[in-house]
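Numbers here are sequence positions counted from 1.
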Amino acid sequence: MGFGLGASPDQRAAEVRIDEELHGLITQLTNEINWHMRERGLTRADLAARMGVSPGRVSQILGGGENLTLRTLAALAVALDARFDFELNSLKVDDTFTSRAKADTEAAQNHHSYPRSQHQQNTSPRR
């Protein structure tokens with residue numbers, strides 16, 4: 001996609017991995033949106049009205065063929081009365097620095113340390 005004919009095998013392999021990751025993210029995102037719509041009994045037309053866009057635009061979004069902006073994701077969250085929750089996990093099995101088990105152990109040993117999910121809950125701005 002982004003690398004030309006003169007790209008090295010490593011660059012081409014990275015591009016393949018990026019495309020695979022993108023496809024997985026799109027699938028996960030559209031599955032979550034569709035699930036929330038079903039749970040709330042919303043049609044695509046309902047979602048479009050809540051977002052202030054055409055039903056065709058919602059079909060484009062849910063079709064998964066485009067790179068969505070953070071603003072579009074925010075509009076979807078507001079329209080669904082929901083919040084997207086992101087977590088970045090290491091692919092390395094032996095990555096002890098980001099290991100959830102290690103974070104949980106450290107949290108138990110030090111009451112000021114929380115696993116990421118708890119930390120986010122405990123440090124979110126108060127309203």
key: Residue pair L73, L29: steps toward the side-chain contact (heavy atoms from CB on, under 4.5 Å) verdict   = CA-CA 9 Å; L73 291 176; L29 177 68; 3.6 Å; yes
query = Considering the options T43, D46, L62, which one meets the side chain to side chain contact (heavy atoms under 4.5 Å, CB included) requirement together with M37?
reply = L62
Heavy-atom check, side chain of E66 versus side chain of L68, under 4.5 Å = yes
request  = Report whether L88 and L91 are members of the same hydrophobic cluster (ILVMFWY, side-chain heavy atoms less than 4.5 Å apart, transitive linking).
outcome  = no
ask   = Are any side-chain N or O atoms of N31 and backbone N or O atoms of Q28, one a donor and one an acceptor, separated by less than 3.5 Å?
value = no
key: Gap separating the CD1 atom of I26 from the CG atom of L22, nearest 0.5 angstrom   = 4.0 Å
message = Under 4.5 Å between side-chain heavy atoms, counting indirect links through other Ile/Leu/Val/Met/Phe/Trp/Tyr residues: same cluster for F84 and M51 or not?
response = yes
task = Determine the minimum heavy-atom distance between R50 and A79, stating which atoms define it.
result = NH1-O, 2.8 Å
remark   = Closest non-hydrogen atoms of S90 and K92, given as atom of the first, atom of the second and distance, are OG-N, 3.1 Å
query = Do R57 and T72 come within less than 4.5 Å of each other through their side chains, counting heavy atoms only?
reply = yes
query = Quick one: does L47's side chain get under 4.5 Å of L76's, heavy atoms only?
reply = yes
inquiry  = Looking at R40 and L80, would you say the former's side chain and the latter's main chain have a donor-acceptor pair under 3.5 Å?
reply    = yes
query = A45 and P55: which non-hydrogen atoms are nearest, and at how many Å?
reply = CA-CG, 4.4 Å
